[in-house]
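One structure is given below, encoded as structure tokens.
Because the structure is a prediction, the values reported are computed rather than measured.
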Amino acid sequence: MASVVLSEAEKVYIVHGVQEDLRVDGRGCDDYRCVEVETDVVSNTSGSARVKLGHTDILVGVKAEVGTPKLEKADEGYLEFFVDCSANATPEFEGRGGDDLGTEIANTLYRIFNKSSVDLKALCISPREHCWVLYVDVLLLECGGNLFDSISIAVKAALFNTRIPRVRVLEDEEGSKDIELSDDPYDCIRLSVENVPCTVTLCKIGCRHVVDATLQEEACSLASLLVSVTSKGVVTCMRKVGKGSLDPESIFEMMETGKRVGKVLHSSLQKILLKEESLGPKRQKVGFLG
Amino acid sequence: MAGLELLSDQGYRVDGRRAGELRKIQARMGVFAQADGSAYIEQGNTKALAVVYGPHEIRGSRSRALPDRALVNCQYSSATFSTGERKRRPHGDRKSSEMGLQLRQTFEAAILTQLHPRSQIDIYVQVLQADGGTYAACVNAATLAVLDAGIPMRDFVCACSAGFVDGTSLADLSHVEEAAGGPQLALALLPASGQIALLEMDARLHEDHLEQVLEAAARAARDVHTLLDRVVRQHVQEASLLLGD
């Protein structure tokens, strides 16, 4: 992660503030920073989204390509995640420096998304032969703390925005199959993102835990808990990260906070995505220019 | 692309532009707060982000430090979703390394490196969407980012690509025109003095036509300079308004 150097006095200031439920920027322990979400930012993808959470900037592009289904799940498509920590975020990520963090985040994304997150059967074209493979590519542009949460929000928004063209499989006399795209470019399948989970990272600072830590707060915390929650409050994955240790009571408390905050996060995100969609094609696309 | 006319009889190109016309350019400086300098540019459908860190101490081996000037380090990376077909690796392949070296050559000619001996300037360029003219968009974005970082430069560096079809030179090629296989020239110019920082062409072009194509590219680069100058002035005006006097 992009590292920040803090003096002892600054650390003490942050820790004492958190004990009183008052963080450096005035938030409470359960408050998120202002999140900006915009979809359809990159036009030659099937779906894309940009999320800006404080100083953290994430761009996700989803590309749908036709591939062969996996052997053990012959009538389902699948998702492939790839995370690129670009050198824009910090010079330490130049060359192969960002690969470690990228692999860690990609593996976490694979763990979070289980069988029921996305309807994989809808991605099947013809069983055992063709299916849609969704390549979800995450580009980390700026690192301002709380990477996992912002990435999961961006992935959910990008999957909501994904439009997969409808195809038909034509079989001719010799038996060879040909895939034909429908003529109407707006005729497409949309994915249901109701069960797509979002991660909530809870950092333990002193004896309290905070949601959405900034880089400075992450430097003060020894251990964090990553909870991945769906909109209904179902926990799909839980992971402890960091070099410190947590006692079991704190883990239960953090999980409860994670579920509560996660549900609120999902409902606000859903509201924003539906509002953006209702503006239709005449929506003013801002992207990085605004 | 059989049957696709790059230049129609009335003089219109595939996307409706005239032969010497540039695509719409929109740019913004100061996109990221944590970097020393950053900029974003859109040239038609090509979108590029540039970020500058520096001048700072040399990272890695001290032996690379130059005693009389700064080291300019560039990395070119294009997102996996930037091209029509998904790219497997964002950087590390030959094309990205070559682009990085070309950018380095371009900026070593423009940045006043003698003012910062024994230090390093990092320029990282990220292409978000590639629709032709990626080198030009990267150079233009990087110029704005270096200006945003406050690093002194000899002059703006403005770049543009040019091609040659049916006796006419085209300026600012899109992906369709690049893929058609004709000659393509990439030019990076320092507009005030007219000096060329980088010139690259790989295709067969008769030397009689070279002057015409070069002139078209230089004219287009000067037009880009007018636009970038306007963007910088507007950014400085906004910043001084925020400062309050």
Side-chain angles (χ1 to χ4, degrees), chain A residues 2 4 41-50 52 54-57 59-67 80-99 102 133-145 158 162 214-215 285-290, chain B residues 26-36 38-42 44-54 56-57 59-60 73-92 96-97 100 120-131 141 145 175 231:
Chain A
V4 63
V41 183
V42 180
S43 49
N44 61 358
T45 50
S46 309
S48 60
R50 181 188 173 215
K52 212 166 144 53
H55 280 311
T56 304
D57 209 321
L59 181 62
V60 173
V62 179
K63 270 191 163 324
E65 286 184 13
V66 178
E80 290 273 349
F81 293 101
F82 176 72
V83 177
D84 177 22
C85 298
S86 89
N88 286 21
T90 161
E92 290 154 14
F93 289 161
E94 189 187 341
R96 303 200 79 108
D99 281 358
V133 182
L134 292 181
Y135 290 100
V136 180
D137 298 315
V138 178
L139 182 58
L140 175 60
L141 291 169
E142 208 187 356
C143 189
T162 306
T214 59
L215 271 182
K285 295 206 181 138
V286 170
F288 290 90
L289 289 169
Chain B
Q26 290 176 291
R28 187 167 158 242
M29 292 166 68
V31 180
F32 296 131
Q34 285 187 325
D36 290 330
S38 56
Y40 171 74
I41 198 167
E42 272 186 29
N45 279 331
T46 301
K47 297 177 179 157
L49 262 174
V51 166
V52 170
Y53 286 96
H56 54 73
E57 209 180 327
R59 269 179 313 111
N73 174 39
C74 295
Q75 183 182 268
Y76 168 90
S77 165
S78 62
T80 44
F81 46 76
S82 60
T83 48
E85 272 217 13
R86 183 176 177 261
K87 266 186 75 170
R88 281 180 159 276
R89 284 192 56 78
H91 52 262
S96 306
S97 320
Q120 183 175 345
I121 298 174
D122 293 316
I123 303 178
Y124 300 123
V125 182
Q126 182 86 29
V127 172
L128 302 177
Q129 202 172 307
D131 184 29
H175 179 71
V231 169

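- Here the shortest heavy-atom pairing between B:Thr80 and A:Lys63 reads O-CE, 4.5 Å.
- The greatest number of non-hydrogen atom pairs below 4.5 Å with chain B, out of A:Val42, A:Val62, A:Asp137, A:Thr45, is found for A:Asp137.
- Taking every heavy atom of both residues into account, A:Pro91 and B:Asp122 meet most closely at CB-OD2, 4.0 Å.
- In terms of heavy-atom pairs under 4.5 Å with chain A, the best-connected choice from B:Glu42, B:Arg59, B:Gln26 is B:Arg59.
- Looking at B:Ala50, neither its backbone nor its side chain comes within 4.5 Å of chain A, counting heavy atoms on both sides.
- Proximity to chain B (any heavy atom under 4.5 Å) is shown, for A:Asn88, by both the backbone and the side chain.
- Across B:Gln34 and A:Cys143, no two heavy atoms sit closer than the pair OE1-O, 2.9 Å.
- Using the six-membered ring where Trp is involved, B:Tyr40 and A:Phe288 have ring planes that are tilted, between 30° and 60° apart.
- Scanning both residues, A:Asn44 and B:Phe81, for their nearest heavy atoms gives OD1-O, 3.4 Å.
- Heavy atoms of B:Phe32 lying under 4.5 Å from chain A belong to its backbone as well as its side chain.
- Using a 4.5 Å cut-off between heavy atoms, B:Asn73 contacts chain A through its side chain alone, with no backbone atom that close.
- Expressed to the nearest 0.5 Å, how far CZ of A:Phe82 lies from NZ of B:Lys87 amounts to 10.0 Å.
- Distance check: A:Glu94 CD to B:Cys74 SG gives 9.5 Å after rounding to the nearest 0.5 Å.
- Of the two parts of A:Ser43, the backbone and the side chain both hold a non-hydrogen atom closer than 4.5 Å to a non-hydrogen atom of chain B.
- Residue with the most contacts toward chain B among A:Gly144, A:Gly287, A:Gly61, A:Ser48: A:Gly61 (heavy-atom pairs, distance under 4.5 Å).
- With a threshold of 4.5 angstrom between heavy atoms, A:Val41 approaches chain B through N, CA, C or O but not through any side-chain atom.
- Residues A:Gly95 and B:Gln75 approach most closely at N-OE1, 2.8 Å, considering heavy atoms.
- Between chain A and the options B:Ile41, B:Leu49, B:Val52, B:Val31, heavy-atom pairs under 4.5 Å are most frequent for B:Leu49.
- Between chain A and the residues B:Ala130, B:Gly54, B:Ser82, B:Ser38, the largest count of heavy-atom pairs under 4.5 Å involves B:Ser82.
- Smallest separation of non-hydrogen atoms from B:Ala79 and A:Leu139: CB-CD2, 4.1 Å.
- Residues satisfying the ring-ring contact (aromatic ring centres under 6.0 Å, His included) criterion with B:Tyr76, sequence neighbours excluded, are absent altogether.
- When heavy atoms are compared at a cutoff of 4.5 Å, A:Asp57 approaches chain B solely by way of its side chain, counted from C-beta outward.
- Rounding to the nearest 0.5 Å places OG1 of A:Thr90 at 7.5 Å from OH of B:Tyr124.
- Side-chain atoms of B:Gln126 and A:Asp84, non-hydrogen and from C-beta on, do get closer than 4.5 Å to each other.
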